[in-house]
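Remarks on the structure that follows.
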Amino acid sequence: MLLHEYQSKELFRQYGIKVPLFKVVSDHAEVESAWTSLNSSKVVIKAQAHTGGRGKAGGIQMSGSVQEAREISKKLLGSRLITYQSGKDGKPISKLIFEVPAQIQKELYFACMVNRQTYGYSLIASTEGGVDIEEVSRKSPEKIKIENISGLCEFNDFRFRRLAKGLGLSTELQKQFVQVAKGVLKMFTGLDCSLIEINPLVVTEGGELVALDAKVSVDDRALWRHSAIAEMRDKLQEDPLELQANEAGLNYVSLDGNIGCMVNGAGLAMATMDIIKYYGGNPANFLDVGGGANKDQIVTAFKLLMANKSVRAILINIFGGILKCDVLAEGIVQAAKEVEIKIPIVVRLEGTNVQRGREILGSSTLKFVTASSMAEAAKKVVEVAR
Amino acid sequence: MLLHEYQSKELFRQYGIKVPLFKVVSDHAEVESAWTSLNSSKVVIKAQAHTGGRGKAGGIQMSGSVQEAREISKKLLGSRLITYQSGKDGKPISKLIFEVPAQIQKELYFACMVNRQTYGYSLIASTEGGVDIEEVSRKSPEKIKIENISGLCEFNDFRFRRLAKGLGLSTELQKQFVQVAKGVLKMFTGLDCSLIEINPLVVTEGGELVALDAKVSVDDRALWRHSAIAEMRDKLQEDPLELQANEAGLNYVSLDGNIGCMVNGAGLAMATMDIIKYYGGNPANFLDVGGGANKDQIVTAFKLLMANKSVRAILINIFGGILKCDVLAEGIVQAAKEVEIKIPIVVRLEGTNVQRGREILGSSTLKFVTASSMAEAAKKVVEVAR
Amino acid sequence: MSILVDKNTRVVVQGITGSAGSFHAKQMLEYGTKVVAGVTPGKGGQRFEDRVPVYDSVEEAVKNEGADASVLFVPPALCADSICEACDAGIKLAVCITEGIPILDELKFRNYIGNKMRLIGPNCPGIITAGETKLGIMPGYIHKKGRVGVISRSGTLTYEAVWQLSNVGLGQTTCIGIGGDPIIGLKYIDLLELFRSDIETEAVVLIGEIGGQDEEMAAAFIKESKYPKPVITFIGGQTAPKGKRMGHAGAIIEGGKGTAQGKIQALEDAGVTVCKSPADIGETAAKILR
Amino acid sequence: MSILVDKNTRVVVQGITGSAGSFHAKQMLEYGTKVVAGVTPGKGGQRFEDRVPVYDSVEEAVKNEGADASVLFVPPALCADSICEACDAGIKLAVCITEGIPILDELKFRNYIGNKMRLIGPNCPGIITAGETKLGIMPGYIHKKGRVGVISRSGTLTYEAVWQLSNVGLGQTTCIGIGGDPIIGLKYIDLLELFRSDIETEAVVLIGEIGGQDEEMAAAFIKESKYPKPVITFIGGQTAPKGKRMGHAGAIIEGGKGTAQGKIQALEDAGVTVCKSPADIGETAAKILR
């Protein structure tokens, strides 16, 4: 779960990481008081939307007067921000940050994430902050410093110092960097984060290390133990279909094609997309109904597929394990009662309780094409979708 | 640093460990409102003093009316509580707990401490709560269950369950016990405790696990990172000389003899006491001036020795390491200027900067007996103290 | 022969009284797995299906029934504790089926078990030695005792591969779903090493997918160790949209690795046969083994 | 010969610019110790006493000067970090002089270093191989190259024993103060084991004190391993008042062990010579070695 910049910065403050003075504005009526309380001749206004590339897309603007701030806010609040990362529909802007601009001496990059190989954490830092870090990684990998932190040890000041020294920071800034790194790791482990990225982490003219931007992502699987964080979810930022899938415990990603897929298991779902392409078709989505789907979830899954108007045929590819074929079949029959299905369905069932599953489908009034192998199923669905 | 029961229980509450409803009373004027707010026909009044054996010594009393409560409070507040563990002067009572009595079904014992061998923690539990646990340990060691917890792993519910099962608790109480153990370990590691003891941990008639008493000791060496805890220190509970020593960074324990000892290093200080006894003398104290004592500390140490009116001779046994002999000598000379010394002093100096040390002492006006070995020093001081 | 588990493996099912646990414990029993005990704290003393004794702790299951392997059907929030418990009780191989464990919990139990216990998963279908024993949730009937070892990060895609191997008549020795989570126990390399010395395993099917570097590491291992048996692979996600879940920084640490193309390239460089279609796994293996 | 350190040991002093660090670094240099580097974060680039280079990190000291041992004079609050740093930098032996480290910090670095690095201390005088090198704060002149190994939990009481051994003409091979804190690195047993195969060490003086069970464990070790060299001991605190610092529960876990009487009993049972007076250590050793 991604957090907004303002939410991340509020958490940063709690963990002792310095951020610029800012106010959150959700309504035009708040512009005046936010401006006044910041007591600054210039104010940066930043659209709060879950996407990168906000600056180039007009989502970050400088205002030199309260009038200007009013105009910018009027334009941004309630609109959608479309950037090169946001997708074609963009993301809604329901909140703004009003922030005192930092006097920037230098821009750094700093991030923390889990390291799969060491079973610990990786801290990543670079002297090239404020730019696309993937670009830096490709063009000048030597400018990226990585420090691996054990999953057990809490004493890592020497590692943080090494990282800071690798960035060429002064002794005084090294000390501040150690505090930032400590705060970030404490927040990462304390809140079950999956990513904390500060880009840029700036050295101000006054010699302070300040987090100017913040991208924080929290492990969805751990939200049950962080109710305050869970409440920060801004559902408006998410794709409505994906959100609906998510709430039903399904894993759904919209794609561009015309063949709706319903598969159990992420691996088989990906392989199903691959084989559809292999036979010249185009999947309309990735949909993993998961290991333990129940009837209701299958019904929801079916509705999700049907909600996509581009879909011209459906491929159901199920290899039952935890998900039993009979449960799936009942779900499909139930869904067919609730949703009108006019397009062809190709079904390939195998695995746990497959006989009962086939019987249930066979004795229903539902029309579908059966296939006994994945290849046959893919070929057939590509054919009927043409 | 030992905490009072009321302080420990307030912390317990923060860590999710249930305690009875209670109020702290520091003044007679508070009796009425404490009584009323508890809304109970009976109230237990408990003297807050750093000593065991409070019950038998009258430090814990039941009151059945506000009048009775007033009388008990009047007697206790401002008095000293003398128990078999408190020493002959007892401990001052400046606060009381007013507590709603628990309906006790069963009394258990539960404690947490550091385990030197496993580099982790030990949880100790027994079905014999509310009594002297050392006694239980001697007479029925099988009634004591120990669970060792790694210094690294946080997932130990199965260990807590094992402990709870070992106490014969029901499944429901096992669940509560797991929560208590989790809370205790979290508090232990979060606050740098050196001991948390709940004796008794009671099962109430209502089937709840409640901490009826609490003994919590915090690692003095870690107080710098727990300022709120450090402020809980109740200096009135401590031996004034030991307190003075402690504040000067010295390690002092009063004893019954008449030979004052000033030694550097705990091991040598104990050995010095041992050798005094070996030669038939009796040490008046244990005093370790520590590894890195400075001149001021030596002066304080000298004043501590002289404050004990039983002292008839002083043995200074210093083997310089970090503590340099010249620093010690300067301290003694300085102290002699500030404190009138009429009793014989035997000095044995060896180690770092010993020559300068001897010169300083030699060129001072101070009279003392020198000794070139520990045995000689001990023999001489025992002689002059007769 | 087989690796890790065979008909003598004595299995305890942690979470046997839950719905998934009880369903699959029954399926395992039917398959012939020696399910010697179940564990659910607070439910000790019961009997599962009137025959398998249920205990409050793994320790008791090990002591009383000689369990040496465990399959976990425990809710995500309790899984880390249960894995540590199995490790401490002396279990040699734990198979964690559970999906959705917080990643920091995974870090903690992975560090805790170190080399003390082998772990398969979490978020995996488990392990099966065809015709002998299954510790997991895979449908038993698709497997057939045979000649090929299977290692896969996926669940259902493993079944697919297995099914194909059975249909072309090759069958399997042992099949392991190593799990789809970022932090897992045994990896490709560990299992390739075990298959190396299993004489009945004539070839290994390795099913990979996008993300992480484990396939690349397996490729390097196969190349450097001059792996003596043919390896056949399929990499899922060749057409998956990029970056749906990956933060920027994740892409750095993996330095351009993690794509299907990169994995396929590395595996082909190591002399591994890479199937273009997931439907070709069985046929390809058959061709190679004649 | 000697154990652990000799004249070739290349020492880095962590905290060399502090007051204790600089005083004792000078003393070590005077004694002949190869102090090849100092470390104080933020002070890299200086030279200590115009000759010893100071670095910001142990890693640099190891890389540039080949340091293989470290002595730490670091404030208590920073000690855990510094010990972990030494361990990660590849230091083989660290000697932590610092007193007053929070016990939970001690638990953490002790678990962190495991068997990766040997640690002496904390809260100890250090280690010295007489006439060759000292890593610590003991006054050098009291030591004399000779025949007896010394292991002690105490600081100044060790000097006392050493002084006696020098005065009776026996001298020492290597003397180690293992430290007075509840959680320490090397213990009696580890060092007895090392002294066993040191041919110049003809006897071992072991200085113990009340509290803990390490002396009892050493006694058991001596007995069970049929330790081949004479061991002479003194146990401090025979007349110390009981329970000044021990909570109730502490007494339980140690089950009546931890008293001077218990330790003396255990040691005598193991055939160890126990001195009644701390002034008799040298004489007793002399009598035994003739």
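Basis for what follows: all heavy atoms, side chains included, without hydrogens, waters or symmetry-related copies. Within every chain, numbering begins at 1; the chains are lettered A, B, ... in the order of the sequence lines, protein sequences first and strands thereafter.
Residue A:Thr272 does not touch chain C at all, counting heavy-atom pairs closer than 4.5 Å. When heavy atoms are compared at a cutoff of 4.5 Å, C:Pro76 does not approach chain A at all. For C:Asn167, no part sits under 4.5 Å from any heavy atom of chain A, backbone or side chain. Of the two parts of C:Ile183, only the side chain, counted from C-beta on, holds a non-hydrogen atom closer than 4.5 Å to a non-hydrogen atom of chain A. With a 4.5 Å cut-off on non-hydrogen atoms, C:Glu106 touches chain A through its side chain but not through its backbone.
Looking only at heavy-atom pairs under 4.5 Å with chain C, the residue among A:Ala266, A:Gly320, A:Ala375 that has the most is A:Gly320. Chain C forms the most heavy-atom pairs under 4.5 Å with one residue out of A:Tyr279, A:Trp224, A:Tyr278, and that residue is A:Tyr278. Your options are A:Ala271, A:Gly52, A:Cys193, A:Ala222, and the one with the most heavy-atom pairs under 4.5 Å with chain C is A:Ala271.
Figure legend: C:Lys108 and A:Tyr119 shown without cation-pi pairing, the cationic atom not lying both under 6.0 angstrom from the six-membered ring centre and within 45 degrees of its axis.
Under the rule for a side-chain hydrogen bond (donor to acceptor under 3.5 Å, both in side chains), A:Ser8 has no partner lying at least two apart in sequence or in another chain. Not counting sequence neighbours, the partners of C:Glu283 by the side-chain contact (heavy atoms from CB on, under 4.5 Å) test are C:Val168. A search for salt bridge (charged side-chain N to carboxylate O under 4.0 Å, His left out) contacts involving C:Glu224 returns nothing, not counting sequence neighbours.
Below 4.5 Å, heavy atoms of chain A meet heavy atoms from C:Asn123, all part of residues 115-129 of chain C.
Using a cut-off of 4.0 Å between Lys/Arg side-chain N and Asp/Glu carboxylate O, A:Arg225 and C:Asp105 are scored as salt-bridged. Comment: C:Glu160 engages A:Arg348 in a salt bridge, judged by a side-chain N to carboxylate O separation of less than 4.0 angstrom.
Going from atom OG1 of C:Thr239 over to atom CD1 of A:Ile275 covers 11.0 Å, rounded to the nearest 0.5 Å.
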